[in-house]
Amino acid sequence: QPFFILNSTFFIQEEPLCRARYRPIFIERNKKEMSEVTIISQPEGKAKRKPAQRIERASIVTSRLVSIIFTPFYLPLVSTVLLFMFSYLSILPWQYKTFIFVMVYLFTIFIPTMLIHLYRRYQGWSMLRLISREGRMVPYIISITSYFMCFYLMRIFHFPHFLCIIILAALFMQIICAFTNIWFKVSTHTAAIGGITGGILAYAEIFGFNPLKWLCLCLIVGGLVGTGRMILRQHSLHQVVYGFLIGAFISFAVIYMVK
C-alpha cells in the first residue's frame, strides 16, 4: 500500500478552507517503490473555472483579432475597393486603379500609422496612454492631416468624383470624432463601420440598387466590432453606439449632398 504524507499544519491553519470540499490530487514521487506520495489539496471550484477561463481568453484573443482586421484606417480603402467592384469605375484600366489604390493606402493607412507610432515612441507612451481620451487628440490631428492631403492630391490629379467623396466623408468623420473627443470618447472602430453603412445607403439612393444584403453584413460586422471593443474594455456601450451613429450619419450626409 502507498504511504501518504499528510501535512497536519495545513489542516490546522486552513480549517475553514478544508470545509469547502477540497479535492485531493495525488502526485506520485516514486513509481517504483511507491513509498512517497504527497497529497496536494485543491478546491473543486478551481478545476471548474478552467473552461470559463479558456472561454474568456479565447474571447479576448478573438476581440483583438477583430479590432485589428476592422481598424478604422481601412474605411477609405475598403470603400474604394467596393466602388471598383460594383460601380462604373470597374471599367477603368487596372494600372489606373492600382495607382489610386496605392495612393489611398499610403495617405490613409501607412503614413498615419507610421507617424502615430513614431509619436508614441517619442513620447514614451504605452498603448493604454495612447488610446485614452487625452492621448487620442494628436493621432486625430495626424489622421486629419493625412486625409486632407489625400483629398487635395486626388482633386489635383482629377480622380473620379465618387472616390474623392469617400475621402471627404472619412475626413469629416475624423473631424467630428476629434471634436467629440473633447467632451467624451467614442469608438472610431464602430464609426468606421457606420461610415461604410451610411455610404452604402447613400450610394444605393444614388445608383438605385437594393442595399439589404450589404446592410445586413455591415450590421453583423458592426455588432462583432462593438462587442469586441467592449470585451477589451476600450469602450462602453454608449461609446460604441454613438460612434456607429456618427459614422453613419456623417458618411450618408456628405456623400448624398456632395453627389
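Just so it is clear, the values below take in all heavy atoms, side chains as well, and ignore hydrogens, waters and symmetry mates.
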Between M103 and F159, does the side-chain contact (heavy atoms from CB on, under 4.5 Å) criterion hold? Intermediate values first, please. CA-CA 11 Å; M103 185 174 176; F159 280 9; 3.6 Å; yes

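- Looking at every heavy atom in both residues, K97 comes nearest to L92 through CE-O, 3.4 Å.
- Aromatic ring centroids of F86 and W214 lie under 6.0 Å apart.
- Within a 6.0 Å sphere centred on CZ of F207, heavy atoms belonging to other residues, nucleotides or ligands number more than 12.
- One distance of note links CD of Q239 with OG1 of T188; it measures 11.0 Å at 0.5 Å rounding.
- Placement of V221 and L212 in two distinct hydrophobic clusters is found when ILVMFWY residues are connected by side-chain heavy-atom separations under 4.5 Å, directly or transitively.
- Interatomic distance, OH of Y96 versus CD1 of I100, reported as 4.5 Å (0.5 Å rounding).
- Between M173 and L75 there is a side-chain heavy-atom pair separated by less than 4.5 Å.
- More than 12 heavy-atom neighbours from other residues, nucleotides or ligands sit within 6.0 angstrom of OH on Y88.
- Side-chain atoms of K185 never come within 3.5 Å of backbone atoms of S236 as a donor-acceptor pair (strictly under, hydrogens ignored).
- Taking CD1 of I68 as the reference point, atom NE2 of H189 lies at 8.5 Å (rounded to 0.5 Å).
- In terms of hydrophobic clustering, with Ile, Leu, Val, Met, Phe, Trp and Tyr side chains grouped at heavy-atom distances under 4.5 Å, L89 and W94 are assigned to different clusters.
- Taking all atoms of both residues into account, the shortest heavy-atom contact from H235 to R136 is CE1-NH1, 3.9 Å.
- When side chains are defined from C-beta on, L171 does not count as touching C150, because their heavy atoms never get closer than 4.5 Å.
- Partners of Y256 by ring pair (Phe, Tyr, Trp, His ring centres under 6.0 Å), not counting sequence neighbours, listed by chain and number: F252.
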Only distances under 3.5 Å count here; give the side-chain donor-acceptor pairs of residues 58-66 to other protein atoms, sequence neighbours excluded, each with its distance to 0.1 Å.
residue : atom : partner : partner atom : Å
S59     : OG   : I55     : O            : 3.3
S59     : OG   : E56     : O            : 2.6
T62     : OG1  : A58     : O            : 2.7
S63     : OG   : S59     : O            : 2.7

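- Rounding to the nearest 0.5 Å places OH of Y152 at 11.5 Å from CZ of R155.
- Listed here is the closest heavy atom pair of V258 and H161: O-NE2, 2.9 Å.
- The backbone N or O of F162 sits less than 3.5 Å from a side-chain atom of Y203, completing a donor-acceptor pair.
- In this structure, Y140 and V186 approach most closely via the heavy-atom pair OH-O, 4.4 Å.
- In this structure, I91 stands alone, with no Ile, Leu, Val, Met, Phe, Trp or Tyr side-chain heavy atom under 4.5 Å from its own, directly or through other members.
- The side-chain heavy atoms of V225 and F244, taken from C-beta on, include no pair separated by under 4.5 Å.
- The OH atom of Y105 sits 14.0 Å away from the OG1 atom of T80 when rounded to the nearest 0.5 Å.
- No side-chain heavy atom of T108 sits less than 4.5 Å from a side-chain heavy atom of F73.
- M230 and L232 fall into different hydrophobic clusters, where Ile, Leu, Val, Met, Phe, Trp and Tyr residues are linked whenever their side-chain heavy atoms come under 4.5 Å apart, directly or through other members.
- A 6.0 Å sphere centred on CZ of F84 holds more than 12 heavy atoms belonging to other residues, nucleotides or ligands.
- Contact detail for R229 and S187: the closest heavy-atom pair is CG-OG, 4.2 Å.
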Do L163 and I167 pass the side-chain contact (heavy atoms from CB on, under 4.5 Å) test, and can you show the C-alpha distance, the side-chain angles, and the key distance before you say yes or no? CA-CA 7 Å; L163 288 177; I167 304 300; over 6 Å; no

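- Of all non-hydrogen atoms in T190 and G222, the two that sit nearest each other are CG2-O, 4.4 Å.
- Note: I255 CD1 to S79 OG = 7.0 Å, rounded to the nearest 0.5 Å.
- At distances below 3.5 Å, not a single donor-acceptor pair connects side-chain atoms of S251 with backbone N or O atoms of A248.
- By the 4.5 Å heavy-atom criterion applied to side chains, P76 and Y147 are counted as neighbours.
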